[in-house]
Amino acid sequence: MTMIKPSSLRLAVGIASCLALTPVAGADQLEQAQAIEGKTTQEAAQSQSRINRRADSSLAMRQEIEQIQAQISNLEIYRDHLQHLVSNQQVEAQSLRDQITEIKETRQGIVPLMYRMLGGLEQWLANDIPLKADQRQARVEKLKAMMGRADVADSEKFRRILEAYQIERDYGSKLDAYQDTIALNGRDIQVDVLHLGRVSLVARRLDGQQHWVWSTRDEKWIELDASAGEAVDKAFAVAQKQVAPSLLSLPLSANQGVKS
């Protein structure tokens, strides 16, 4: 029979005890491992959630930044546009100031010119043949009254004076007939008057029995003989469109009378 030493017995008992405790210790470690794994998974999920939120926030911020950059770009374009407009307006404003200065200078010169033109018309009427004299004089008086009116622009005043000069010019190239009153031997007589430009001014009594021609030398009416009266009647018929235009033979006002 084999004898077991006490030390060997104690070693065997320790091993048996360890073997008996091993299943319990393994279970605890598994639970701890599972707990750690679960906690790790939860923390990982939380971290991923935070990452997702930060990614979304970063994307939103990036979009906002892009929108702001687009707005800034639009504002810069609009700023450049406004600067161009302001620059152009400054040029226009300077141009207007220059024009106003020129207008003032022009007005200072044009007003005296208009008065001189009216004076020229009056002098012309005084030296011209008595062709529609009352009508022409009334036109000049109307223009003179217009010059003192503040409600008529200088441009309109100048236009009307030029119009009067145009009318005066047209008198020199027309064949025209009209009725008027002339002074003969101290009496006013109603007559038909005809003028061919300014070279011939003749008159005929309304019954056609007498004819006169204006003498620029004597500045009066001179009676014509019967033969000259026939030519005058023909000229009246042409001027009044009673017959077709034809060659006319009229006495010239400049050749009539003798200056005393």
Side-chain angles (χ1 to χ4, degrees), residues 100 102-206 210-224 232 235-236 238-241 248 250-260:
I100 290 172
E102 292 176 1
I103 288 172
K104 289 180 179 179
E105 295 174 352
T106 301
R107 185 175 181 181
Q108 291 174 356
I110 199 68
V111 172
L113 173 62
M114 288 190 288
Y115 278 107
R116 289 195 295 270
M117 292 174 72
L118 286 177
L121 275 179
E122 284 189 299
Q123 186 176 2
W124 176 261
L125 291 180
N127 297 327
D128 198 16
I129 60 177
L131 165 63
K132 296 184 178 181
D134 292 341
Q135 179 180 338
R136 295 161 70 192
Q137 187 61 43
R139 183 183 298 113
V140 172
E141 293 300 325
K142 186 176 180 180
L143 290 174
K144 289 170 64 178
M146 176 194 66
M147 290 299 296
R149 291 177 54 183
D151 61 329
V152 180
D154 287 341
S155 58
E156 177 63 14
K157 293 174 182 177
F158 191 68
R159 186 193 68 79
R160 293 185 188 180
I161 293 174
L162 288 179
E163 184 179 55
Y165 269 84
Q166 179 68 42
I167 293 172
E168 290 293 328
R169 191 194 72 171
D170 292 342
Y171 284 147
S173 59
K174 286 184 177 180
L175 174 66
D176 189 25
Y178 59 95
Q179 286 193 349
D180 201 355
T181 300
I182 64 174
L184 287 171
N185 301 321
R187 295 186 303 119
D188 290 337
I189 301 177
Q190 190 76 16
V191 294
D192 292 321
V193 180
L194 178 142
H195 74 95
L196 177 60
R198 286 184 167 86
V199 298
S200 179
L201 181 65
V202 296
R204 180 180 65 182
R205 205 169 71 179
L206 294 183
Q210 285 181 286
H211 301 81
W212 299 269
V213 60
W214 174 259
S215 170
T216 57
R217 293 179 181 178
D218 294 340
E219 296 183 353
K220 67 178 183 180
W221 293 95
I222 297 177
E223 188 172 358
L224 294 171
V232 171
F236 269 104
V238 172
Q240 294 167 348
K241 295 180 172 51
L248 300 178
L250 288 171
L252 301 180
S253 293
N255 294 338
Q256 304 301 318
V258 177
K259 193 71 173 179
S260 57

**Study point:** Note: D176-K174 ion pair, threshold 4.0 Å (strictly below)
**Key:** no

Point to revise | salt_bridge(R159, E156) N-O dist < 4.0 Å | key: yes

What distance do [X] atom [atom1] and [Y] atom [atom2] have between them, rounded to the nearest 0.5 Å?
{"X": "K220", "Y": "N185", "atom1": "NZ", "atom2": "CG", "result": "8.5 Å"}
{"X": "I222", "Y": "W212", "atom1": "CD1", "atom2": "CH2", "result": "13.0 Å"}
{"X": "D192", "Y": "Q179", "atom1": "CG", "atom2": "CD", "result": "5.0 Å"}
{"X": "S155", "Y": "I110", "atom1": "OG", "atom2": "CD1", "result": "10.0 Å"}
{"X": "Q210", "Y": "E223", "atom1": "CD", "atom2": "CD", "result": "4.5 Å"}

Exercise for review: Would you indicate whether N127, at its atom CG, is surrounded by more than 12 heavy atoms from other residues, nucleotides or ligands within a distance under 6.0 Å?
Suggested key: yes

Please list every donor-acceptor pair under 3.5 Å in which a side-chain atom of residues 133-143 meets a protein atom from a residue at least two apart or in another chain.
residue : atom : partner : partner atom : Å
R136    : NE   : E168    : OE1          : 3.2
R136    : NE   : E168    : OE2          : 2.9
R136    : NH1  : D128    : OD2          : 3.3
R136    : NH1  : L131    : O            : 2.8
R136    : NH2  : D128    : OD2          : 2.7
R136    : NH2  : E168    : OE1          : 2.7
Q137    : NE2  : E141    : OE2          : 3.0

Any idea which heavy atoms bring [X] and [Y] closest together, and the distance?
{"X": "G197", "Y": "I129", "result": "O-CD1, 4.5 Å"}
{"X": "Y165", "Y": "M117", "result": "OH-O, 2.7 Å"}
{"X": "L248", "Y": "A235", "result": "CD2-CA, 3.9 Å"}

Practice item. Check step by step if side-chain contact (heavy atoms from CB on, under 4.5 Å) holds for L125 and E122. Key: CA-CA 5 Å; L125 291 180; E122 284 189 299; 5.9 Å; no

Answer yes or no: is there a side-chain heavy-atom contact under 4.5 Å between [X] and [Y]?
{"X": "M147", "Y": "L118", "answer": "yes"}
{"X": "L201", "Y": "V193", "answer": "yes"}
{"X": "V111", "Y": "D154", "answer": "yes"}

Revision key, fill the gap. The side-chain contact (heavy atoms from CB on, under 4.5 Å) partner of V213 among V232, L250, L224 is L224

Review point. So, does S200 use its side chain to make a donor-acceptor pair with the main chain of P251 at under 3.5 Å?
Key: yes

Check your understanding: Of all residues at least two apart in sequence or in a different chain, which pass the ring pair (Phe, Tyr, Trp, His ring centres under 6.0 Å) check with W221?
Key -> W214

**Study point:** R198 charged N/C atom sitting above Y171 aromatic ring, 6.0 Å / 45°
**Key:** no

Exercise for review: Report yes or no: is the cationic atom of K132 (NZ for Lys, CZ for Arg) closer than 6.0 Å to the six-membered ring centre of Y178, at no more than 45° off its axis?
Suggested key: yes

